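Chain identifiers are assigned alphabetically (A, B, ...) following the order of the sequence lines, protein sequences preceding nucleic acid strands; residue numbering begins at 1 within each chain. As the structure is a prediction and not an experimental result, all values here were calculated from the model.
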Amino acid sequence: MTDHAQTPPDENHLIATRREKLDRLRAQGQAFPNDFRRDTLAEYLIGTYGSRDAASLEAETTVFALAGRLMAKRVMGKASFGQLQDMSGRIQLFVQLNVVGDAQYETFKHADVGDLLGVRGTVFKTKTGELSVKVSELRLLVKNLRPLPEKWAGLTDTEVRYRQRYLDLIVNPEVRTTFEKRGKTVRFIRNFLDALGFIEVETPMLQPIAGGATARPFVTHYNALDRDFYLRIAPELYLKRLVVGGFEKVYEINRNFRNEGLSTRHNPEFTMLEFYQAYADYREAMDLVETLIRDVAIAVHGSAVIRYQGRTYDLEKPFNRWTMKEAVLRHNPDLDASALVDRERLAAYAKRVGGDVKPAYGVGKLLTEIFEKTVETTLLDPTFITEFPTEVSPLARANDADPTVTDRFELFIAGREIANGFSELNDPDDQAARFRAQVAAKQAGDDEAMLFDADYIRALEYGLPPTAGVGVGIDRLVMFLTDAPSIRDVLLFPQMRPEA
RNA sequence: GGGUCGUUAGCUCAGUCGGUAGAGCAGCUGGCUUUUAACCAGUUGGUCGAUGGUUCGAAUCCAUCACGACCCA
C-alpha cells in the first residue's frame, strides 16, 4: 500500500493531526522501523527493583531496553513523565531534555498516548517513591493514528469492546487477565487428562452428517465434491469411532458450531472438551469431572472457593447428586411420584410452567421440559443431575434396572449446564433404533433431531467397548472461573451482527 | 421472535417546557526539570445512529429502520 497520503474525508482532525506527524516521519526515513530490540519487561523491573530504596538504586548503572505503548504523558517543561505498557505491565518513564537532547525530547513532547516507543535507561525512584526508568535514549517505533479512549473513564461501550477487542485489551487490563485465565484453564485440562493417559486428537469440523447432539447445524458447500457439508455440532460420534479403533482414552478440545440465537450464554461457535474412557461408566466419569472442576479452579484461581457474580461457591465440598425425578419433585410440590409417569398430568403441568408441549412428546421429554423450566436455574452449588430420560438421550446407554432412563448426568453450576456425560450406548441395534426414532422426529418437524449415521452403526457393529463419555463447555467453565456475566466476556471475538 | 433501555465531539457524559450544541479528558499553541486523573493560560473540534413525519422552529415529539445492552421465548 503506497497511497498513504490519501486521507479518508470522514476522518476527524485528531486523526488528521496524527497523520501529519506520520507523514513527517515518513519524510525523515523509515517510519515503521523494526530494528529496536528490548531486553527487559516492565514486570521484571518492578519485581527486581520495586522494593529497593531510592538511595540504593543510585548505584544501579545497568541500562535496560524496553518497548511498549505509551499510555500516559505528563510534560513539565524540560522534564517529562510517561507510562509505558508492555505485555507484562506498566512502568513509568522519566525523560529529561538535558539527557536525551533536543531531537528526542521533541519526539517525546509530541508523542501521542497510544504510540509505540522503544527506550533505554536506568532504574531509579522518584521523590514520591515510584520506580521509573531514567531514559537515556528514546525512539518512536510506531505512530498511533487513532486516539485511545479517555484515560480515566476508559472504554466502557460494550459494543466497541467486543468489536474492537484489540482496543479493549490495550486499555482494560482485566480483560487480558480473563483471557490469560482462559488459556490457563485449557492448558490445565490438557495436562490433567494427559497425566491420566488420555490421547488428544482432532476430528472433522466439516461433516457430511452433523451428529452427536440435537441442534441445528450450519450448512456449507464443498465445491470439489459439489455437496453440502455441515459444521460440526459435536465431535462425539467421531471420538467413539476412535474408541472402537483402540484409542481407549481419548479427548478433543475444539470448536463446535450451532445455528442458534445469541445470548449471554450462547455463541454460535463455542469450545467443548469431550473425553471418552473405555471400560468405565458414567459414575466414574462423574467422579472424574468433579475432580477436574475442583482442580482446575485451584490451578486457575488459587482456591476452590470461587466468587461468582456476588455469590460464593465452595468447590471443595462434594457436589450434590440428584436424579432428575428427585430434583423435579423437590422443586414442584404440586407433583408426586405418580404424576411423573402420567403423560396427561405431566403435559398439563409442563404447559403451566411455560414448557414446550407437543403431541409427540412422551413423559421423558415432558419431565425434561419441567426440569428445565423449574429446576435448572436454581442449581447454584455444583449439582449432578442423573437419570435423564431415554427419550431425550439418543446416544446414552439405558439403565439396566429402568430402561426409561439412561446412565447419564449433567453438571450444573450457578444455574448453568457445565458438563454432560453418560455411559455410551454400544448396542448397535439399539443405537440404530434410536437413530430411526430421531429420523421420525425430524420428519415430524423437529429440525434439531438427528440423522441416521450408517457408518457410526457399522463402527458399533465392530464393537465399542463399554465406555463413559463427557462433554464440558469450556466457555461456561471459564465464565465461572473469571466471574464473567456474559459468554462474550470470555470470547475474544464474540459473534456480532455486521456493523451498519 | 417479544419486551425494556440506550445511541450527542476521538473517549466518558450533560442537554430543562420544542427556541443559536455543552463539560471533562484527549488534541493544538505557549509556560513549567520529580509528575502521576500533573498544573496554569489560550484554543480547535458536532451528519445529535439513519430515514420520514408533526411544527414557524426538532438532539428534544411521533413513526419506521439499524446497531447494542438486559430480560423473556
**Request:** Specify whether F480(A) and Y313(A) have parallel, tilted or perpendicular ring planes, treating 30° as the upper limit for parallel and 60° as the lower limit for perpendicular.
**Result:**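 Answer is perpendicular, since the angle exceeds 60°.
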
**Request:** Hey, can you tell me if F384(A) and F409(A) have their rings parallel, tilted or perpendicular (30° and 60° cut-offs)?
**Result:**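 The arrangement is perpendicular - the two ring planes meet at more than 60°.
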
**Prompt:** What about F388(A) and F422(A), are their ring centers closer than 6.0 Å?
**Reply:**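 That pair fails the under 6.0 Å test.
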
**Sub-4.0 Å heavy-atom contacts from residues 356-381 of chain A onto RNA chain B, ordered by number** =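 Under 4.0 Å from RNA chain B: no residue of residues 356-381 of chain A.
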
**Item:** Residues, nucleotides or ligands: over 12 heavy atoms within 6.0 Å of D228(A) CG
**Value:**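 For D228(A), atom CG is crowded (more than 12 foreign heavy atoms under 6.0 Å).
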
Using purine N1 to pyrimidine N3 plus N6-O4 or O6-N4 for Watson-Crick, or N1-O2 and O6-N3 for G-U wobble, both under 3.5 Å, which nucleotide pairs with [N]?
N	value
rA23(B)	rU12(B)
rA63(B)	rU51(B)
rC32(B)	none
rA38(B)	none

When you compare [N] with [M], how far apart are their [atom1] atoms, in angstrom units rounded to a whole number?
N	M	atom1	result
rG6(B)	rC48(B)	C1'	14 Å
rG19(B)	rG31(B)	C1'	42 Å
rU29(B)	rU44(B)	C1'	10 Å
rC72(B)	rU60(B)	P	33 Å
rG52(B)	rG15(B)	C1'	25 Å
rG22(B)	rG3(B)	C1'	34 Å
rU4(B)	rA21(B)	P	32 Å
rG10(B)	rG30(B)	P	25 Å

**Message:** Looking at K143(A) and D115(A), is there a salt bridge between them, counting it only when a charged N and a carboxylate O are closer than 4.0 Å?
**Reply:**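 Looking at D115(A) and K143(A), the cut-off is met.
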
**Item:** Closest-nucleotide 5' rank along RNA chain B - winner of G261(A) and S486(A)
**Value:**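 Nearest-nucleotide comparison on RNA chain B picks S486(A).
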
**Asked** 5'-most contact on RNA chain B: P149(A) or A72(A), nearest heavy atom basis?
**Response**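 Closer to the 5' end of RNA chain B: P149(A).
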
**Asked** With a non-hydrogen cut-off below 4.0 angstrom, is S80(A) in contact with a base, only sugar-phosphate, or nothing?
**Response**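 Nothing: the residue S80(A), judged by heavy atoms under 4.0 Å, touches no strand.
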
**Message:** Mind checking if R161(A) touches a base, just sugar-phosphate, or nothing, with heavy atoms under 4.0 Å?
**Reply:**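 No contact.
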
**Request:** Examine rA38(B): is either OP1 or OP2 under 4.0 Å from a nitrogen or oxygen in the side chain of R74(A)? Give yes or no.
**Result:**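 Yes.
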
**Prompt:** Closer than 4.0 Å, any side-chain N/O of R163(A) to the OP1 or OP2 of rC67(B)?
**Reply:**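 No.
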
**Prompt:** What does nucleotides 23-34 of chain B look like as a protein-contact string, B for base, S for sugar-phosphate only, - for none, at under 4.0 angstrom between heavy atoms?
**Reply:** -BBBSSS--BBB

**Item:** Member of I370(A), V357(A), L340(A) meeting the side chain to side chain contact (heavy atoms under 4.5 Å, CB included) criterion with Y349(A)
**Value:**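 So, applying the side chain to side chain contact (heavy atoms under 4.5 Å, CB included) to Y349(A) and each of I370(A), V357(A), L340(A), only I370(A) qualifies.
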
**Prompt:** Any luck finding a side-chain donor-acceptor pair between E269(A) and N256(A) under 3.5 Å?
**Reply:**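 Side-chain D/A pair, E269(A) to N256(A): absent.
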
**Prompt:** Honestly, is R311(A) close enough over Y308(A), meaning NZ or CZ under 6.0 Å from the six-membered ring centre and within 45° of the axis?
**Reply:**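 Judged by the rule, R311(A) and Y308(A) form no cation-pi pair.
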
